[in-house]
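As the structure lists them, so they are numbered: ligands from 1, and atoms in each ligand from 1.
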Amino acid sequence: MNFNEIENLEEQFQVATYAKMNIAVETGKGCWVETSEGEKYLDLYGGHAVCATGHSHPHVVRAIREQAEKVLFYSNLVYSEIRAKAAKKLVGIAPESITKAFFCNSGTEANENAMRMARFATKREKVITFSGGFHGRSADSISATFLGNYRNLGKPNVPGHVCAEFGNLESVRELADRETAAIMLEPIQSMAGVTEASPEFFRGLREICNEHNIVLIFDEVQTGIGRTGNWFFSGSELAGYIEADIITLAKSLGSGVPVGACLVNDCVAEVIKINDLGTTFGGGMLAMAAVGATLEAIEADKMRENITEIETYLRERLKEIEEVVEVHGKGGLLGIEFSENCKPIHQKLLENKIITGTSSNPKVLRLLPPLCVKKEEIDLLIAALI
Ligand SMILES: Cc1ncc(COP(=O)(O)O)c(C=O)c1O
C-alpha cells in the first residue's frame, strides 16, 4: 500500500490519538526507519522514547523469536524461568535498596500500581505530584498529572491528589504531612520541556519523606533503563545519590514490546500480599524475553557509555547553532531550547528526514534517540539545523 492508502484507511478505522507525522513506518534498524515510500528517516525521537536499543535490535529480535517458538504467554499464575531471570537482572542493575519487581504493561499502569502500593504501605491516601509532571492517562495517573489540561481530560479525577512546585522544597513542605502516602515525580520532566531540578531538591525530598514516612516514587518511564547514562536516575549523582522507594518503568524497558514495571524496596515489598496486585498480561513470557534481551543489548553494546559521549559531542556541536539558547537534560533525554518557537524547526527537520519531538514548552525541541546513536548521525542533525 502507498502512503495515501494507508493514511485513508487509518483515518477511517482508527479513533484519533496523536497528531501524526505524514509518514507510514514499515521497517526500522538502529536509528533509522524506512517508510512505505522507501524513504529513510533518522529517528532522533527513538520511536516515541521507546527504542533505546535502536529499532529491531538483532539480539532483542532473536530473543523474542526464540521465546515465541517456545510459548507466547502464561500469566503470573505459573512460574517462568524467563520471568525469573528478567526480574533478577532488573533488580540487579537497580539502586541497592531495590529488592523486587512488579511487572505490568505500560507507564500509566506502573504509576497506578506504585501509588496503590504506597497507599497500602502507609494506609494513607494523599499523593503529592508536581507542576509540569506527566504520569499517564489512566484515572489515577492522569489525576496525578498537573501538566497542561490533562487532569481536565481525566475528569472526574481521583481524589487525594495535590500539586507542589517542581524544584521548590518549601512548596512540598507545605503539603507533606502524616496523611500523605506518596510523593511522586518525573525526576527530569520530559514533556514539560526537559525541566531539571538540583540534587539538593532530591535530597530534600528524601528527608521530607523520611520525616513523615512518605513513600518516594520516581517515575522513570523516560529516565530509566540507561537513558541518562545511568541505569536509573534514582541513586545517581543527578539525584544527589538518594534512592526512591519505588521506581516506575516502561518505554525503553522492552525495546518496543509493551511492558512496564515497578521496582520496590523491602519496606514496600513486604506489605504486598497475594491478590493485592494483579494483571493478566504483566510478566508474560514474550515481554520478559524482550526485557532480558534489552538489558543485555544495552550492556553488551556499551550504550550507556555511548550516550554519555554523544551528549558531550552534541552539546559542543549545538554551540554552532546561533538560535540555540540552552540545552536541558542528560544523556539521551535532551531538550534543545531555541530563542523562538521551535515548531517550524521541528517541521524543517522532518522535511530533511529527521524525526525529533516537541514538548509542551513551545521553544523546546526534544531528542530521545536510541542510546546507540552515532556521532555521524548527530552531524546530520547539526547540518540540517545550520
Ligand atoms: C514520564 C512518563 N510517565 C508515564 C507515562 C505513561 O506511559 P504510557 O504511555 O506507557 O502509559 C509517560 C508517557 O509518555 C511518561 O513520559
Task: Closest candidate by heavy atom, reference atom 11 (O) of ligand 1, pool Asn111, Leu249, Thr108 - done: Thr108
Task: Selection from Glu220, Arg137, Lys251 by shortest heavy-atom distance to atom 13 (C) of ligand 1 - done: Lys251
Task: Shortest protein heavy-atom distance from atom 1 (C) of ligand 1, along with the residue and atom involved - done: Glu186 OE2, 3.3 Å
Task: Closest approach of any protein heavy atom to atom 7 (O) of ligand 1, naming residue and atom - done: Gly107 CA, 3.3 Å
Task: Which segment of His135 sits under 4.0 Å of ligand 1 when only heavy atoms are counted - done: backbone
Open item on the list: I'd like to know whether Asp140 forms a salt bridge (charged side-chain N to carboxylate O under 4.0 Å, His left out) with Arg119, so could you lay out the CA-CA distance, the side-chain angles of the two residues, the decisive distance to 0.1 Å, and finally the verdict.
Closed with: CA-CA 12 Å; Asp140 212 2; Arg119 293 184 185 116; 2.8 Å; yes
TODO: Let me see the working for Lys20 and Glu10 under salt bridge (charged side-chain N to carboxylate O under 4.0 Å, His left out), right down to the final yes or no.
DONE: CA-CA 11 Å; Lys20 286 181 167 54; Glu10 266 212 48; 3.3 Å; yes
Task: Ring centres under 6.0 angstrom apart (Phe146, Phe130) - done: no
Task: Within the 6.0 Å centroid threshold, strictly below: Phe103 and Phe281 - done: no
Task: Per-atom contacts of ligand 1 with Phe134, taking only distances under 4.0 Å to non-hydrogen atoms - done: 1 (C), 2 (C), 3 (N), 5 (C), 12 (C), 13 (C), 14 (O), 15 (C)
Open item on the list: Among all protein heavy atoms in this structure, tell me which lies nearest to atom 3 (N) of ligand 1, with the distance rounded to 0.1 Å.
Closed with: Asp219 OD2, 2.7 Å
- [ ] Determine, counting only non-hydrogen atoms of the protein, whether one lies under 4.0 angstrom from atom 9 (O) of ligand 1.
- [x] no
TODO: Can you see which heavy atom on Gly224 is nearest to which on Phe232, and at what distance?
DONE: CA-CD2, 4.2 Å
TODO: Among all protein heavy atoms, pick the one closest to atom 16 (O) of ligand 1 and tell me residue, atom and distance.
DONE: Gln222 NE2, 2.8 Å
Task: Ring center gap for Phe202 and Phe233 short of 6.0 angstrom - done: yes
Open item on the list: Salt bridge check, Glu311 against Lys330: does any charged N sit closer than 4.0 Å to a carboxylate O?
Closed with: yes
